[in-house]
Amino acid sequence: MELVHFLNIEYLLLRLYEVVHGLPIVSGAYSEATAPASSVLTSIAGVLGSIALIGMFATILLIALLVWVHIRLTTVEHEGSEEKKKKFDPVALAALSA
């Protein structure tokens, strides 16, 4: 075996598949060696799923906040421009001074 001049890629891919999915394919019985990897991957997937849900909720909340701020700024801007028109309208100023 010390003079092996080839790389068994099919075997490596099969073992990688076993580790990722936690299912032994080569042996017929459940392999204890793949159980910790499977549980780790399952817990990582659960954590990433939770982070994704929190991120989506935060994104929706921030978009709603941005829409509210935009509406509020537009409202304040229009109120201010109308007050400015009333205050500095030359016709209204001429009528007041006459």
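The first residue of the sequence shown is numbered 1, and numbering continues consecutively from there.
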Task: Between CD1 on residue Ile54 and OG1 on residue Thr59, distance to nearest 0.5 Å - done: 11.5 Å
Open item on the list: Are more than 12 heavy atoms, taken from residues, nucleotides or ligands other than Ile9, located less than 6.0 Å from that residue's CD1 atom?
Closed with: no
Task: Path from Leu65 to Leu73 over hydrophobic side-chain contacts below 4.5 Å - done: yes
Task: Hydrophobic cluster of Met56, others only, ordered by chain and residue number, side-chain cut-off 4.5 Å - done: Leu53
TODO: Output the rest of the hydrophobic cluster of Ile51: all Ile, Leu, Val, Met, Phe, Trp and Tyr residues reachable through side-chain heavy-atom contacts under 4.5 Å, sorted by chain and number.
DONE: Val47
